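Quantities reported herein were computed from a predicted structural model and do not represent experimental measurements.
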Amino acid sequence: MLDGCVPWPEDLAERYRAEGYWTGEPLDQLLRNGVERHPDRVALVSGDGRRWTYAELDAWTARVAAGLSTLLSPRERVVVQLPNVPEFVVLLFALLRVGALPVLALPAHREAEIVPLCELSEAVAYFITEDYRELSRVVTKAVPGLRHVIAVEDLPTADPVELPEPDPGDVALFLLSGGTTGTPKLIPRTHNDYLYNARASAEVSGFDESTVYLVVLPASHNFALASPGLLGAFAAGGTVVLAPDPSPDTAFALIEREKVTVTAAVPPVVLLWMDAAEFADEDLSSLELLQVGGAKLSAEPAGRVREALGCGLQQVFGMAEGLLNFTRLDDPEELIVTTQGRPLAPADEVRVLENGELLTRGPYTLRGYYRAEEHNARSFTEDGFYRSGDVVRQLPTGHLIVEGRVKDQINRGGEKIPAEELENHLLAHPAVHDAAVVGMADPVMGERTCAFLVVRGEAPKLREIAAFLRERGVAEYKLPDRIEVLDAFPLTKVGKVSKTELARRLAGEAE
Ligand code: OOB
């Protein structure tokens, strides 16, 4: 495996191969299979209605791979920050063929996220759309190692060339961790593990050749990418439709136009869709299944999905680090509505500690973050279990109910905010003496962000804090929804800021 990554120990690797989890194929194989089996079926549809068959997508990918192969070498890292455009799909497959390793940033990220990512990965290229030109100028100024900034409106192409096959045991791409610390964490996903991730997810979600999957979440997020997401849809021989945004207007129009059968969304989007469907004129009858995850969907709205949208529900409790839990399509309604599913693979090992903390290890769960030795020592047990930071209860059926978390992170409608990272940004404000960021319950978002501050002199207004953070290049979704100024923070017995007490104050106020 690439330097800076932690490989699986040989005995487990042997088991995962012997039991068929790791097939020894490159991730790109799922596109190649599609081309062989059904070249003329539609593989990809853009929001504006352009479409590509499997053969056309493959041919386009081959030309881009050839074009990129003169600029990039195998194992070099590149940061990819793209909205849901067809070029994202082509670029991803092309990079896999070249062997360059994409680091998948989110479209919402800004300078404060992209610069550290480039530095940590020593990225040599940054792929954007023209809309991101200005951001890219700031990034290139800060990161001298970036050799290329490439807008996908003019991806380099050339006549197809033979390219060496990657080692399937090695890294295929890097996903971003939701994070809990002040610096980003990169998750290496191998060809073997991610191919299993996509194929097995597709199977458990009932994907087949008639599947029309609508990508509404950012395509670079693990849920929309491979759980089962667009890669799962390709693996099953289905069609992928790209939505530029998750609004009901956009999504419903695409569901009707393309006769979408399945899509995946975070809870706030599901709530919005259920409200909008009441008054919508679009025909949503093609929709068979709505997958919901990223944050907990409560039982009450979960129980209304079938009636409101006329489709089945599948809860997905996943993480970019690996482990995926799905309710099964034939589970009793009660389990589908009240649980977040059970592990995907028979080889997924789940350990629930006394406090409910979920630990896991398995054929598609990382063994260590990239270049993060110190952090890895804390995030994994001696025997390689990943400490998810989630607090769960496991039913005798194996289904998990997510009850909370022990990690210092805010889950704002599925978007993850590492508390320490935001606190560090707040501490840079001249009027902020101390900062503690806590989630507050919210009926739509699940949680919103409250920043408790101890200040010097006059307390800054929320508006000023937001402007200050934007100026620093912090992504919009990380900005606090509220600030509360205190004279001093409540402390734990060992003298640390008691976030439990801060959260209790917010909860008390809500009652
Ligand atoms: C998905 O991945 P990430 O990496 O953005 O976030 C993972 C974390 C989990 O550790 C958990 O805290 C939370 O998001 N989470 C859920 C959940 N799904 C994710 N919490 C409660 N209920 C759920 N259904 O969010 C992700 C990756 C692949 C598939 C689905 C979600």
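Glu415 has no carboxylate O lying under 4.0 Å from a charged side-chain N of Arg448, or vice versa, which leaves the two without a salt bridge. Salt bridge status for Lys478 with Glu421: present, with a side-chain N to carboxylate O gap under 4.0 Å. Ion pairing of Glu357 with Arg387 is absent here, as no side-chain N (NZ or NE/NH1/NH2) approaches a carboxylate O to less than 4.0 Å. By the 4.0 Å N-to-carboxylate-O rule, Arg405 lies too far from Asp390 to be salt-bridged with it. Using a 4.0 Å cut-off between charged side-chain N and carboxylate O, Glu10 and Arg17 make a salt bridge. Between Asp348 and Arg342 there is no salt bridge, since none of the side-chain N atoms of the basic residue sits less than 4.0 Å from a carboxylate O of the acidic one. With respect to Arg412 and Asp481, a salt bridge is recorded, a charged nitrogen being found less than 4.0 Å from a carboxylate O. One finds no salt bridge joining Arg505 and Glu509 here, because no Lys/Arg side-chain nitrogen approaches an Asp/Glu carboxylate oxygen to under 4.0 Å. The pair Glu307-Arg304 does not meet the salt-bridge criterion, since no charged nitrogen lies less than 4.0 angstrom from a carboxylate oxygen. Using a cutoff of 4.0 Å between basic side-chain nitrogens and carboxylate oxygens, Glu25 and Arg32 are not scored as salt-bridged.
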As a quick check of understanding, evaluate side-chain contact (heavy atoms from CB on, under 4.5 Å) for Leu502 and Leu486, giving each step before the final call.
CA-CA 10 Å; Leu502 291 173; Leu486 299 178; 3.7 Å; yes
Verdict with supporting geometry, Glu321 and Ser177, side-chain hydrogen bond (donor to acceptor under 3.5 Å, both in side chains):
CA-CA 7 Å; Glu321 281 80 358; Ser177 164; 2.9 Å; yes
Decide side-chain contact (heavy atoms from CB on, under 4.5 Å) for Leu173 and Leu101; before the verdict, give the C-alpha distance in whole Å, the side-chain angles of both, and the deciding distance to 0.1 Å.
CA-CA 5 Å; Leu173 52 83; Leu101 307 177; over 6 Å; no
List the steps and the verdict of side-chain contact (heavy atoms from CB on, under 4.5 Å) for Leu176 and Leu104.
CA-CA 7 Å; Leu176 263 54; Leu104 298 178; 5.6 Å; no
Would Val79 and Arg77 count as a side-chain contact (heavy atoms from CB on, under 4.5 Å) if you check the C-alpha gap in whole Å, the side-chain angles of each, and the deciding distance to 0.1 Å?
CA-CA 7 Å; Val79 171; Arg77 275 80 55 203; over 6 Å; no
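Nearest heavy atoms, Leu324 versus Gly318: CD2-CA, 3.7 Å. The heavy-atom pair separating Arg361 from Asp383 by the smallest distance is NH1-O, 2.7 Å. Residue Pro267 comes nearest to Gly293 through the heavy atom pair CD-O, 3.6 Å, listed as atom of the first residue, atom of the second, then distance. Shown here for Val305 and Gly312, the closest heavy-atom pair between the two residues is CG1-O, 4.4 Å. The minimum heavy-atom distance between Pro363 and Asp193, with the atom names listed, is O-CB, 3.4 Å. When all heavy atoms are compared, the tightest approach of Lys416 to Gly294 is NZ-O, 3.2 Å.
With sequence neighbours left out, the ring pair (Phe, Tyr, Trp, His ring centres under 6.0 Å) criterion links Phe317 to no other residue. By the side-chain contact (heavy atoms from CB on, under 4.5 Å) test, Pro86 is found to be paired with Leu44, Ser46, Arg50, Trp52, Trp60, Leu242, residues two or more places apart in sequence or in another chain being considered. With sequence neighbours excluded, no residue forms a salt bridge (charged side-chain N to carboxylate O under 4.0 Å, His left out) with Arg257. Phe252 is linked by a ring pair (Phe, Tyr, Trp, His ring centres under 6.0 Å) to Trp273, counting only residues two or more places apart in sequence or in another chain. Partners of Asp208 by side chain to side chain donor-acceptor pair (under 3.5 Å), not counting sequence neighbours, listed by chain and number: Ser210. Under the side-chain contact (heavy atoms from CB on, under 4.5 Å) criterion, Ala308 pairs with Met274, sequence neighbours left out. Every residue meeting the side-chain contact (heavy atoms from CB on, under 4.5 Å) condition with Ala302, not counting sequence neighbours, appears here in chain and number order: Leu297, Leu313, Gln315, Val337. Residues satisfying the salt bridge (charged side-chain N to carboxylate O under 4.0 Å, His left out) criterion with Glu484, sequence neighbours excluded, are Arg482. For Asn192, the side-chain contact (heavy atoms from CB on, under 4.5 Å) criterion is met by Trp22, Pro168, Thr190, not counting sequence neighbours.
A donor and an acceptor atom, one from each side chain of Glu349 and Thr360, are nowhere located under 3.5 Å apart. For the residue pair Thr250/Asp245, the side-chain donor-acceptor check at 3.5 Å is satisfied.
Between the side chain of His38 and the main chain of Gly34, a donor-acceptor pair closer than 3.5 Å is present. Within the 3.5 Å criterion, the main-chain N or O of Thr365 finds no donor-acceptor partner in the side chain of Arg367. Between the side chain of Lys499 and the backbone N or O of Ala436 there is no donor-acceptor pair closer than 3.5 Å. In this structure, the side chain of Asn424 does not engage the main chain of Gly182 through any donor-acceptor pair within 3.5 Å. A distance-only check finds no donor-acceptor pair linking the side chain of Gln409 to the backbone of Ala419 [under 3.5 Å]. In this structure a side-chain-to-backbone donor-acceptor pair under 3.5 Å is present from His109 to Leu106. With hydrogens and angles disregarded, a donor-acceptor distance shorter than 3.5 Å links the side chain of Lys296 to the backbone of Val402. Remark: side-chain polar atoms of Ser220 are paired, donor with acceptor, to backbone N or O of Ala105 under 3.5 angstrom. With hydrogens and angles disregarded, a donor-acceptor distance shorter than 3.5 Å links the side chain of Glu113 to the backbone of Arg110.
Taken from CZ in Arg504 to OG in Ser498, the straight-line distance is 6.5 Å, to the nearest 0.5 Å. We find the CG-CG distance between Leu366 and Leu186 to be 11.0 Å, quoted to the nearest 0.5 Å. If you take CG on Leu422 and CG on Leu479, they are separated by 8.0 Å, rounding to the nearest 0.5 Å. How far OG1 of Thr239 is from CD of Glu258: 8.5 Å, rounded to the nearest 0.5 Å.
Applying the ring-ring contact (aromatic ring centres under 6.0 Å, His included) test to every pair with at least one member in residues 170-208, sequence neighbours left out, gives these pairs: Tyr21-Tyr196, Phe174-Tyr370, Tyr196-Tyr364, Phe207-Tyr213.
Counted within 6.0 Å of NZ on Lys259, heavy atoms from surrounding residues, nucleotides or ligands total 12 or fewer; the atom is thus considered open.
Ring geometry, Phe380 versus Tyr369: the interplanar angle exceeds 60°, so the pair is classed perpendicular (tilted spans 30 to 60°).
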Distance-only criterion, 3.5 Å: show the donor-acceptor pairs between side-chain atoms of residues 223-238 and protein atoms not counting sequence neighbours.
residue: Ser227; atom: OG; partner: Asn197; partner atom: ND2; Å: 3.4
residue: Ser227; atom: OG; partner: Asn222; partner atom: O; Å: 3.0
residue: Ser227; atom: OG; partner: Asn222; partner atom: OD1; Å: 3.3

All N/O donor-acceptor pairs, side-chain side in residues 284-292, below 3.5 Å, sequence neighbours left out:
residue: Ser285; atom: OG; partner: Asp283; partner atom: OD1; Å: 2.7
residue: Ser285; atom: OG; partner: Asp283; partner atom: OD2; Å: 3.4
residue: Ser286; atom: OG; partner: Val260; partner atom: N; Å: 3.4
residue: Ser286; atom: OG; partner: Val260; partner atom: O; Å: 2.7
residue: Gln291; atom: NE2; partner: Ser205; partner atom: OG; Å: 3.1
residue: Gln291; atom: NE2; partner: Gln314; partner atom: OE1; Å: 2.7

